[in-house]
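Report on one structure; see the data block that follows.
Order of the sequence lines sets the chain letters (A, B, ...), proteins ahead of strands, with each chain counted from 1. All values reported here derive from a predicted model rather than from experimental measurement.
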Amino acid sequence: SQQGEEDPQALSIQEGENATMNCSYKTSINNLQWYRQNSGRGLVHLILIRSNEREKHSGRLRVTLDTSKKSSSLLITASRAADTASYFCVAVSSNDYKLSFGAGTTVTVRA
Amino acid sequence: DTEVTQTPKHLVMGMTNKKSLKCEQHMGHRAMYWYKQKAKKPPELMFVYSYEKLSINESVPSRFSPECPNSSLLNLHLHALQPEDSALYLCASSQDWPSVTGELFFGEGSRLTVL
């Protein structure tokens with residue numbers, strides 16, 4: 001089911017710049033995840049942040065979580081052309097562990 | 001092996017045809033999923049199988065019929081589809097369901113076109 005919102009819907013940046021996208025959700029969560037999807041392909045898991053964590057890093061990715069605002073952000077630093085993709089946040093409910101997808105942010109990195 | 005394999009990658013079928021989509025994983029995962037994804041939209045959950053039993057059917061029309069022959073295989077049988085059923089069909093798996101971590105492993109998808 002989809003119950004999250006993401007913004008912006010689309011983002012175009014120059015190679016080397018940082019890309020930031022935001023996600024909001026509606027229920028209490030156990031964790032929140034980010035996935036990447038290249039055009040017409042499957043989704044790839046990027047990073048998971050638990051409800052008791054505020055920030056997490058993985059390579060060029062930085063995720064923050066604010067449970068009081070029911071929001072998360074994904075920062076991609078020093079972007080590359082290969083980062084061109086759609087990014088989805090997925091909130092995992094703490095009540096029934098159901099997954100809720102955000103609407104997605106399409107990122108285009110210009111060479 | 002951390003792959004979920006889906007076949008075929010592309011499928012074109014008429015509204016009177018019967019076809020099947022197949023999905024296979026060898027990660028020992030006990031939960032498998034079918035998602036439908038339209039262009040520029042997030043995936044929508046269709047079915048969840050847990051331990052080879054259907055656990056969730058998100059009110060999917062009966063022209064879509066899932067089948068889980070064993071813990072590694074998941075099929076989606078298609079019959080009398082409509083043009084609006086054209087979409088990318090994604091299979092996914094997870095260690096279990098409900099999954100505390102919820103991390104899903106997705107296949108590359110089957111692009112279905114209904115004429």
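By the criterion of side-chain heavy atoms lying less than 4.5 angstrom apart, applied directly or through intervening Ile, Leu, Val, Met, Phe, Trp or Tyr residues, B:Trp97 is grouped together with A:Phe101 in one hydrophobic cluster. A continuous path of Ile, Leu, Val, Met, Phe, Trp and Tyr side chains, each step under 4.5 Å between heavy atoms, connects A:Leu99 with B:Tyr33, placing both in one hydrophobic cluster. Cluster annotation: B:Met46 and A:Val90 are assigned to distinct hydrophobic clusters (Ile/Leu/Val/Met/Phe/Trp/Tyr, side-chain heavy-atom contacts under 4.5 Å, transitive). Residues A:Leu61 and A:Ile49 are members of one and the same hydrophobic cluster, defined by side-chain heavy-atom contacts under 4.5 angstrom among Ile, Leu, Val, Met, Phe, Trp and Tyr. Under the 4.5 Å side-chain heavy-atom criterion for Ile, Leu, Val, Met, Phe, Trp and Tyr, B:Leu21 and B:Leu54 are members of the same hydrophobic cluster.
Across all their heavy atoms, B:Pro42 and A:Gly102 have their closest contact at CB-O, 3.3 Å. For the pair A:Leu43 and B:Pro43, the tightest heavy-atom approach, listed with the atom from each and the gap, is CD1-CG, 4.0 Å.
Side-chain contact between B:Leu104 and A:Tyr35 is present, with at least one heavy-atom pair separated by less than 4.5 Å. Residues B:Ile56 and A:Lys98 are in side-chain contact: their nearest non-hydrogen atoms beyond the backbone lie under 4.5 Å apart.
The number of heavy atoms from other shown groups lying within 6.0 Å of CZ (A:Arg80) does not exceed 12. Around NZ of B:Lys19, the count of heavy atoms belonging to other residues, nucleotides or ligands within 6.0 Å does not exceed 12.
Heavy atoms of A:Gln9 lying under 4.5 Å from chain B are absent altogether. Contacts between A:Leu48 and chain B at a heavy-atom distance below 4.5 Å involve the side chain alone, from C-beta outward. Using a 4.5 Å cut-off between heavy atoms, A:Asn38 makes no contact with chain B at all.
To the nearest 0.5 angstrom, B:Glu103 atom CD is 11.5 Å from A:Ile47 atom CD1. A distance of 8.0 Å separates CZ in A:Arg41 from NZ in B:Lys9, rounded to the nearest 0.5 Å. Considering CD of B:Gln37 and CZ of A:Phe88, their distance stands at 5.0 Å, rounded to 0.5 Å.
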